[in-house]
Number of protein chains: 2
Amino acid sequence: MEETYTDVPAEEKEESIDYLEEREELTGQRIRDMLEQKQYKELKEELEHNMYPVDLAEILAEFDQKQMVMVFRLLAKEEAAETFAYMNSDMREVLINALTDSELEEVMEEMYLDDTVDVLEEMPANVVDRLLMATNEETRVQINQLLQYPEDSAGSIMNVDYIALRKDMTVADSILKIRQVGLNRETIYTCYVTEKRKLIGLVDVKELLTTSESKTIEEIMETNTLYAYTTDDQEDVARTITKYGLIALPIVDHEMCMVGIVTVDDAMLVLQEEETEDISIMAGVSPNEETYFGTGVFKHVRGRIPWLLFLMLSATTTQMIMNHYEKALAVMPQLAGFIPMLMGTGGNCGSQSSTLVIRGIAVGEIEFKDIGKVIFKEVRVALLVSAALSVVNGLRILLMGQGDPMIAVTIGATMACTIVIAKIVGGTLPLLAKKIGLDPAIMATPLISTLVDTSTVTVYFMIVSAVFKM
Amino acid sequence: MEETYTDVPAEEKEESIDYLEEREELTGQRIRDMLEQKQYKELKEELEHNMYPVDLAEILAEFDQKQMVMVFRLLAKEEAAETFAYMNSDMREVLINALTDSELEEVMEEMYLDDTVDVLEEMPANVVDRLLMATNEETRVQINQLLQYPEDSAGSIMNVDYIALRKDMTVADSILKIRQVGLNRETIYTCYVTEKRKLIGLVDVKELLTTSESKTIEEIMETNTLYAYTTDDQEDVARTITKYGLIALPIVDHEMCMVGIVTVDDAMLVLQEEETEDISIMAGVSPNEETYFGTGVFKHVRGRIPWLLFLMLSATTTQMIMNHYEKALAVMPQLAGFIPMLMGTGGNCGSQSSTLVIRGIAVGEIEFKDIGKVIFKEVRVALLVSAALSVVNGLRILLMGQGDPMIAVTIGATMACTIVIAKIVGGTLPLLAKKIGLDPAIMATPLISTLVDTSTVTVYFMIVSAVFKM
């Protein structure tokens with residue numbers, strides 16, 4: 001702690017150099033300039049010490065093909081592999097076509113298997129062949145195994161590099177093993193204890209570093225270990241990692257044999273993707289893996305039209321109901337003026353409920369068995385909300401002197417019914433969707449409000465005809 | 001790898017015991033039973049080896065106070081502290097009142113400082129005093145410092161426990177230091193190199209374990225180090241950790257002095273919270289930290305009513321516009337029937353755009369400077385979408401023999417205008433909100449659709465009166 005809280009006289013501070021602020025940021029422009037001035041040595045040096053692969057991938061996306069390849073060739077093996085893993089598929093293809101077989105081999109050697117698999121999944125067959133040619137036999141076997149796991153399964157995002165220890169090893173042995181094999185592992189902070197390939201426990205590196213070297217793994221290993229199956233959903237795996245604050249989760253096959261790990265960094269990306277996907281679906285947009293700007297206009301249109309069409313056409317029901325009451329409207333046209341407000345309120349009430357429930361399902365709080373609890377809660381909320389809104393709205397109507405208090409009553413009654421219906425529909429449909437294996441997120445705003453619209457108009461005119469005897 | 005891919009004959013597999021499946025799950029019911037049968041020793045043992053603090057906190061939430069305290073007293077120091085950190089504020093208060101000062105001291109000693117601060121932030125003053133009394137002087141100083149950081153800042157979620165190394169230390173020295181101080185650190189996987197408290201670089205434990213013990217830290221330290229300031233927004237910090245796949249990010253004050261770290265597990269929780277918050281706001285619900293079921297009915301109502309009221313009243317504009325055209329409606333009441341469909345389509349188009357942009361802002365893809373690009377993209381999308389929808393809808397009207405082709409034209413024209421307006425409004429408002437320091441998420445569905453409704457109805461009747469000369 002003393003490093004953190006002792007006070008250090010100002011002048012002393014001045015002396016010490018700011019290693020961290022030493023360098024000028026390496027922007028895309030600076031890279032271009034250095035390329036044009038042929039300062040390859042300097043650029044190579046800068047790229048190695050002053051750039052992160054994920055940033056470089058973003059920068060290179062703006063470069064033309066020739067420049068991109070030039071820069072890529074300047075990268076050290078490891079950086080090259082990592083940068084490659086962060087690129088989009090177009091950039092990757094350009095590179096694969098530009099690189100020589102031996103260059104390609106180097107990249108493939110350095111890449112982590114889970115990244116390699118991601119790359120292969122989106123490449124055209126001929127490129128895949130060329131890439132597989134560039135990898136050695138053993139790796140190829142593993143790649144093929146990984147490619148067989150269903151998309152979005154734990155197996156498809158897991159990393160097959162991890163440290164496996166035997167329970168009879170000593171702490172010293174274990175540290176030695178880490179020293180030997182550790183360097184090319186994506187994570188070595190948790191080691192897994194296996195016996196005949198079966199996962200039997202784990203040991204934190206923390207533990208190894210802080211207990212006597214003569215102890216055996218069996219003495220210090222944690223046997224109450226969390227794990228997931230290769231076929232588990234990647235989102236569930238990510239949620240487990242979040243909930244328990246893990247750095248990695250071991251993945252086993254159905255014989256409990258350890259086959260890989262999912263690391264926290266991959267878990268975070270999975271959650272970010274899944275959330276973007278949910279949010280798109282909730283807005284009635286069919287999701288795609290690419291970013292907003294990364295998605296072309298036509299792809300955007302394709303993603304948005306289906307729901308719009310569906311919702312537009314289903315709005316026909318509402319229209320037919322209203323046409324059925326044309327006479328009433330001809331007599332009291334002011335009745336039409338309330339419809340937008342009624343439908344809007346109903347729709348908003350419904351989407352409030354559905355959104356909260358959808359989120360509850362996503363983070364694992366709400367399950368189908370809770371449907372009764374949800375309804376009970378939503379009904380009580382609905383009653384209080386509708387009471388408040390009807391009163392305020394009734395006053396508004398009277399104050400704005402839209403005369404006839406019976407209208408105020410009609411609207412109030414309609415609103416109350418609508419809100420209750422909306423909250424029940426909004427609260428339950430996501431759970432039903434989940435139950436029948438649909439993504440709860442599709443039961444969000446657009447669909448809910450269209451459903452609610454219909455019931456709103458129906459209830460409205462039923463009450464109208466009752467009150468005004470039409 | 002051999003552990004992973006060698007084939008092992010089935011019978012051998014049989015022999016090996018499944019350490020992991022050995023135990024029966026420790027459910028709330030089992031705990032209750034063991035309490036009633038006074039099997040305290042067994043329960044203590046089970047709790048230590050067969051239960052995770054986060055799960056226990058969930059289970060205890062269902063227990064009555066007396067049972068909760070009994071179970072808590074059976075926990076080992078560390079488990080007790082962790083479980084306490086996962087409890088909700090009510091449970092914590094119960095415990096604080098039930099525990100003796102010395103018991104409380106033990107818990108406080110074991111808790112990580114960042115958790116302690118979270119606990120204190122939501123406790124009533126008198127409880128806070130009692131808790132602070134239970135902590136030693138040094139800790140109290142640190143706590144007070146942490147309490148001063150603004151809510152949602154990096155400082156408020158950072159952990160002040162980390163390993164600091166000097167650049168003149170050897171690898172051997174460093175490992176020794178970790179051995180000595182490591183055990184009570186929340187994370188030791190990245191060590192930070194400081195000089196007069198200033199952050200000058202970092203060393204991965206991976207590095208320490210895999211390089212020769214005689215090397216000095218200066219030789220192996222990474223100086224191109226990412227860091228954040230105590231005042232940075234916690235969401236930005238979490239996004240950085242995600243983007244670069246870090247396990248921890250060092251936090252410095254404005255003199256570049258290292259004051260703490262934010263660990264990946266906290267980052268994941270921050271992102272989950274922020275996303276839940278965004279999603280609530282997007283649905284027109286004022287967010288709160290608690291879960292769906294954890295929030296009482298009245299709190300739900302308080303959270304949902306403000307927007308509903310606002311939106312209901314703003315719908316009055318639409319109503320006034322429509323009343324203004326009462327005559328038109330009296331003559332052609334069927335015109336009213338199209339309004340829900342038109343408004344629904346406009347609203348959905350708008351919320352599609354706003355949602356995509358809001359998400360783009362959240363994940364850091366879209367910034368205010370991109371507003372032009374967004375408008376350009378949305379307009380092109382809008383034109384294609386409106387073309388498609390108008391045609392389909394025109395056909396529908398003609399097919400359903402709602403006679404007068406002029407109506408089809410009117411609706412088509414209205415729809416086209418609405419969609420373009422909706423997409424521009426939906427695409428730009430979130431960016432404007434962000435620009436003026438509001439949360440972009442409030443520009444989601446409810447607000448957008450209400451705004452779009454007004455313009456839809458206006459456009460509609462303008463076109464109607466133009467076409468039908470009214």
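Keep in mind that the numbers below use all heavy atoms, side chains included, and drop hydrogens, waters and symmetry copies. This structure is a prediction, so every number in the text was calculated from the model and none was measured.
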Contact origin within [X] toward chain B - heavy atom pairs under 4.5 Å:
| X | value |
| --- | --- |
| A/Val374 | both |
| A/Thr318 | side chain |
| A/Met322 | side chain |
| A/Arg359 | side chain |
| A/Ile419 | neither |
| A/Leu311 | side chain |
| A/Met312 | both |
| A/Met51 | backbone |
| A/Thr454 | neither |
| A/Asp453 | neither |
| A/Leu209 | both |

Query - Test salt bridge (Lys or Arg N to Asp or Glu O under 4.0 Å) applied to B/Arg166 - qualifying residues, sequence neighbours left out - result: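 Result, salt bridge (Lys or Arg N to Asp or Glu O under 4.0 Å) vs B/Arg166: B/Asp168.
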Query - Distance-minimising heavy-atom pair for B/Arg396 and A/Leu313 - result: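 Taking every non-hydrogen atom into account, CD-CD2, 3.7 Å.
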